[in-house]
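Before any comments, here is the structure.
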Number of protein chains: 2
Amino acid sequence: MKLTQGADYGMAAVLYLSQRSEDRRYSLDEISRATEIPEEFLRKIFQTLVKSGIINSFKGRGGGVSLARSARDITVAEVIKPLEEEMGLVRCLREKENCPRSSECMASNFWRKTQQNFFEILNSTTIKDLIEGGKQNARKG
Amino acid sequence: MKLTQGADYGMAAVLYLSQRSEDRRYSLDEISRATEIPEEFLRKIFQTLVKSGIINSFKGRGGGVSLARSARDITVAEVIKPLEEEMGLVRCLREKENCPRSSECMASNFWRKTQQNFFEILNSTTIKDLIEGGKQNARKG
DNA sequence: CCTTAATTGGACTAATTTAGTCTTATTATA
DNA sequence: TATAATAAGACTAAATTAGTCCAATTAAGG
């Protein structure tokens, strides 16, 4: 039961940007050194986050990345989901077809709910909440 | 974000036993065929569950396995935890030493809480609850 | 317009983890 | 004593994950 390293790093990178001036662009080199995330890996992570609209990137001289939105408007779920390739706690929930075994389906109903509960937390927590700390569960209600 | 196959199978096997007469012992061969879990793998899973006290096993002719306790007294957490080797959603939470990066620690506080919340659900749901279905969240309170 | 500093995209590789198997030993019963 | 079972643990294969590399593109500055 763990997140991919990419998701873990992704959060760190977004948190890094969120705590800094939004006027600037930050090169991967700079972020990589500050966060100790391997640069080439970080590059791939940002490519994903750019596609999902959380990060803006700029090519060429003076280029780099920046948050596409305010940290107040980015949820943890938005960072994690695109970086977690395989979702679904158990095989049943990952497969297309329905499982033939009824006993497993009892379990999968449970896992489905538990997983939903998990993602509700991620959906209702913003990056800003994390920075402010402790208040995660007092949101979006 | 997924459970190991062992944990997934483990639940299926425990559910299988829970839905059958408690007077008998069930051979791995029988359980394996009924649940379609590979027998040798199932064997390893039961070995783990025996160690953690959920399952009783009996060697020799007429041997096999049975639930050590009533399904009403076995929680999902008890089945999952021993079968999930690496716990901890993110690297920070898996490592012994504290992380040097403050930005990640903001995240890890959040992940710690979220993970706790997850395990609270597993702790408060019994196998019996799953079989009865739907009532998972109306327990332990 | 040419050089340089940056990202993009995608193929590639290495390491780790996971899933599953095999083999030998032990045990209980008929 | 033969047989039908689990125990323990080493081993292997497959899959996933983490991380790297490289050729192409793009934008800015001189």
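Residue numbers begin at 1 in each chain, while the letters A, B, ... track the order of the sequences.
- Atom OH of Y26(B) is separated from atom C1' of dA4(D) by 19 Å (rounded to the nearest Å).
- Computed from coordinates, the K2(B) NZ to dT16(D) C1' distance equals 7 Å when rounded to whole Å.
- Taking CG from L3(B) and CE from M11(B), the interatomic distance works out to 9.0 Å, rounded to the nearest 0.5 Å.
- Considering CZ of R91(A) and CD of E86(A), their distance stands at 10.5 Å, rounded to 0.5 Å.
- Comparing M1(A) and E39(A), the nucleotide of DNA chain C nearest to each residue sits closer to the 5' end for E39(A).
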Practice prompt. Give the intermediate values and the outcome of side-chain contact (heavy atoms from CB on, under 4.5 Å) for residues F46(B) and V14(B).
Written response: CA-CA 9 Å; F46(B) 275 121; V14(B) 168; 5.5 Å; no

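- How far CD1 of I37(B) is from CD1 of I45(B): 6.0 Å, rounded to the nearest 0.5 Å.
- In this structure, the CG atom of L42(A) is 13 Å from the C1' atom of dA18(D), given to the nearest Å.
- Tracing side-chain contacts under 4.5 Å through hydrophobic residues (I, L, V, M, F, W, Y), one never reaches F58(A) starting from L49(A); they form parts of separate clusters.
- Sequence neighbours left out, the pairs with a member in residues 43-62 of chain A that pass salt bridge (Lys or Arg N to Asp or Glu O under 4.0 Å) are E39(A)-R43(A), E40(A)-R43(A).
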Check: protein-nucleotides 21-23 of chain D nitrogen or oxygen pairs below 3.5 Å:
residue, atom, partner, partner atom, Å
dC21(D), N4, E40(A), OE1, 3.1

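- Q5(B) has its CD atom 14 Å from the C1' atom of dT16(D), to the nearest Å.
- The CG atom of L122(A) sits 9.5 Å away from the CD atom of E84(A) when rounded to the nearest 0.5 Å.
- Scanning atom types as modelled, no donor and acceptor separated by under 3.5 angstrom connect the side chain of K44(B) and the base of dG9(D).
- Bracketed by its first and final contacts, the part of DNA chain C lying under 4.0 Å from non-hydrogen atoms of chain B reaches from dT18(C) to dA30(C) in 5' to 3' order.
- Here the C1' atom of nucleotide dA18(D) and the CG atom of L83(A) are 13 Å apart, to the nearest Å.
- The phosphate of dA7(D) has OP1 or OP2 within less than 4.0 Å of a side-chain N or O from S57(B).
- We find the CZ-OG1 distance between R69(A) and T75(A) to be 7.5 Å, quoted to the nearest 0.5 Å.
- Side chains of T126(B) and D129(B): a donor on one and an acceptor on the other come within 3.5 Å.
- Taking CG from L83(A) and CD from E78(A), the interatomic distance works out to 12.0 Å, rounded to the nearest 0.5 Å.
- Listed by residue number, the members of residues 48-56 of chain B with any heavy atom below 4.0 angstrom from DNA chain C form an empty set.
- Nucleotides of DNA chain D nearest to Q47(B) and F41(A) differ in position, and the one nearer the 5' end is that of Q47(B).
- Relative orientation of the W111(B) and F118(A) rings is parallel, given thresholds of 30° and 60° on the angle between their planes.
- Annotation: side chain of R94(B) is not in contact with side chain of M87(B) (no heavy-atom distance under 4.5 Å).
- Within the cation-pi definition used here (under 6.0 Å to the ring centroid, within 45° of the axis), R24(B) qualifies as a partner of Y26(B).
- F41(A) pairs by the ring pair (Phe, Tyr, Trp, His ring centres under 6.0 Å) definition with Y9(A), not counting sequence neighbours.
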Worksheet entry | Annotated protein contacts, base or backbone, on nucleotides 24-30 of chain D with a non-hydrogen cut-off under 4.0 Å, one of B, S, - each | -BBBBS-

